[in-house]
**Student:** 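Dropping the structure in here first, questions after.
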Amino acid sequence: MNSLKLAEKRRSVREYKNRRLSEDDRNYLKQLITEKPLIAEDASLEFIFIEDGEKAAKDLEGGLAGYFGKMIEAPHYFALLSDPKSKCYKITGYVGEWLILNATKKDIGTCWIEVIDSEKTKEVLNIQSDKEVVALIAAGYPKKEYKLSNIYASIKRGSISALTDLGYPNIDSGYSKEIVSSRKSITEFVFIDKWGNVPDIEELEMRGIHEALFYMRLAPSYKNRQPWYFVVRGNEIDLFIKQSDEISEAMQCLDAGIAMFYFEVGLHDAGIKGNWNLSDFDIESEITEDYKAAGRYQY
Ligand SMILES: Cc1cc2nc3c(=O)[nH]c(=O)nc-3n(C[C@H](O)[C@H](O)[C@H](O)COP(=O)(O)O)c2cc1C
């Protein structure tokens with residue numbers, strides 16, 4: 001399955017079948033956390049697979065994790081631990097999403113879960129570590145089947161389908177109960193050459209990055225706020241994240257890391273090989289105050 005289809009298939013799963021993953025699938029997930037992508041070497045991360053999700057969900061009730069303290073019940077979880085630094089949070093987002101797309105390949109459903117109180121979460125999950133539990137990822141078989149036909153069936157105007165945007169014909173398989181989270185169109189989060197300079201699709205096509213952007217917009221984000229802005233120039237693409245006082249630094253950095261991962265997969269598919277630089281680059285002076293530079297892709 002190509003990456004675009006995989007990204008279309010992924011969505012946040014909040015209801016799981018009431019059974020554990022098969023031993024093969026559990027081993028697959030446990031193996032994945034030993035094979036993190038290269039970027040993980042730039043941060044000190046610890047990903048822990050929690051076998052007994054039922055117990056963990058009960059222990060985490062009462063406001064420790066989940067939007068408004070509402071925990072998502074799942075057969076298993078990953079606990080994602082990192083040093084409390086913005087660069088490490090971003091890498092946690094990148095690697096966490098890599099894990100999610102790999103789980104999607106095996107039809108394993110997942111959902112990011114915000115951790116509100118790291119210390120208490122470590123205590124109830126019996127995790128001995130100096131690092132911070134930044135987030136959890138729920139894992140299990142989705143209660144509803146997520147066959148590709150369902151996803152194509154949900155293609156309609158304003159849906160997240162990149163295929164629709166790319167001009168593929170509608171595929172009508174007759175049914176879909178799935179609610180698909182809406183997404184911005186790509187010209188709503190890209191500038192060319194400088195901040196404020198909105199491109200048209202033809203310009204993005206000429207630079208060969210339009211497909212990567214269609215792919216990118218499928219990235220999940222905290223409360224689906226899609227806080228990204230890209231400035232494309234020469235052989236560099238800068239990612240900016242809209243800041244909010246109401247959202248923790250960790251969640252904002254996870255969104256940045258997730259976006260970097262998605263965009264990179266899309267760019268690599270388009271033959272644009274490069275890497276994200278997360279620290280030493282000059283920031284353009286004219287950017288709007290409430291946006292912060294998160295990384296620069298150089299190719
Ligand atoms: C960093 C992060 C934290 C999230 N935390 C939660 C959460 O605590 N509870 C929840 O139901 N969804 C959570 N989500 C899922 C988002 O709401 C979801 O990705 C977004 O609404 C887009 O929907 P989709 O993933 O189905 O495409 C989180 C997502 C991210 C990226």
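Everything numeric here is computed off the predicted structure, so don't read it as measured data. The figures here come from the full heavy-atom set of this structure, side chains too, leaving out hydrogens, waters and symmetry mates. We count ligands from 1, going down the list as the structure has it; atoms in each ligand are counted the same way.
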**Student:** Using heavy-atom distances only, which candidate in Pro220, Ser181, Ala256 approaches atom 19 (O) of ligand 1 most closely?
**Tutor:** Pro220

**Student:** Pick from Gln226, Arg225, Lys90: which one makes a side chain to side chain contact (heavy atoms under 4.5 Å, CB included) with Asp255?
**Tutor:** Arg225

**Student:** Should the pair Lys273 and Tyr299 be classed as cation-pi, given the thresholds of under 6.0 Å to the six-membered ring centre and 45° from the axis?
**Tutor:** no

**Student:** Any idea how Phe189 and Trp228 line up, ring-wise: parallel (<30°), tilted (30 to 60°), or perpendicular (>60°)?
**Tutor:** perpendicular

**Student:** With respect to atom 15 (C) of ligand 1, which of Gln252, Arg14, Glu114, Lys223 exhibits the smallest heavy-atom separation?
**Tutor:** Arg14

**Student:** Ring centres of Trp195 and Phe240 under 6.0 Å apart?
**Tutor:** yes

**Student:** Please check whether Asp255 reaches ligand 1 - meaning an N/O of the residue sits under 3.5 Å from an N/O of the ligand, judged on distance alone.
**Tutor:** no

**Student:** Between Arg183, Arg11, Met251, which one has a non-hydrogen atom sitting closest to atom 27 (O) of ligand 1?
**Tutor:** Arg183

**Student:** Check whether the ring centres of Phe78 and Phe47 lie less than 6.0 Å apart, and answer yes or no.
**Tutor:** no

**Student:** What atoms of ligand 1 come within less than 4.0 Å of a heavy atom belonging to Ile258?
**Tutor:** 31 (C)

**Student:** Provide the number and element of each atom of ligand 1 under 4.0 Å from a heavy atom of Ile72.
**Tutor:** 9 (N), 10 (C), 11 (O)

**Student:** Could you list the atoms of ligand 1 found under 4.0 angstrom from a heavy atom of Cys111?
**Tutor:** 12 (N)

**Student:** Show me which atoms of ligand 1 lie under 4.0 Å from any heavy atom of Leu254.
**Tutor:** 1 (C)

**Student:** Please confirm whether the ring centroid of Tyr94 lies under 6.0 Å from the ring centroid of Tyr262.
**Tutor:** no

**Student:** Within a distance under 4.0 Å of any heavy atom of Gly66, pick out the atoms of ligand 1 and give their elements.
**Tutor:** 8 (O)

**Student:** Would Lys120 and Glu123 pass as an ion pair if we require N to O under 4.0 Å?
**Tutor:** no

**Student:** Which option, Ala135, Gly69, Ser12, Ala65, owns the non-hydrogen atom nearest atom 26 (O) of ligand 1?
**Tutor:** Ser12

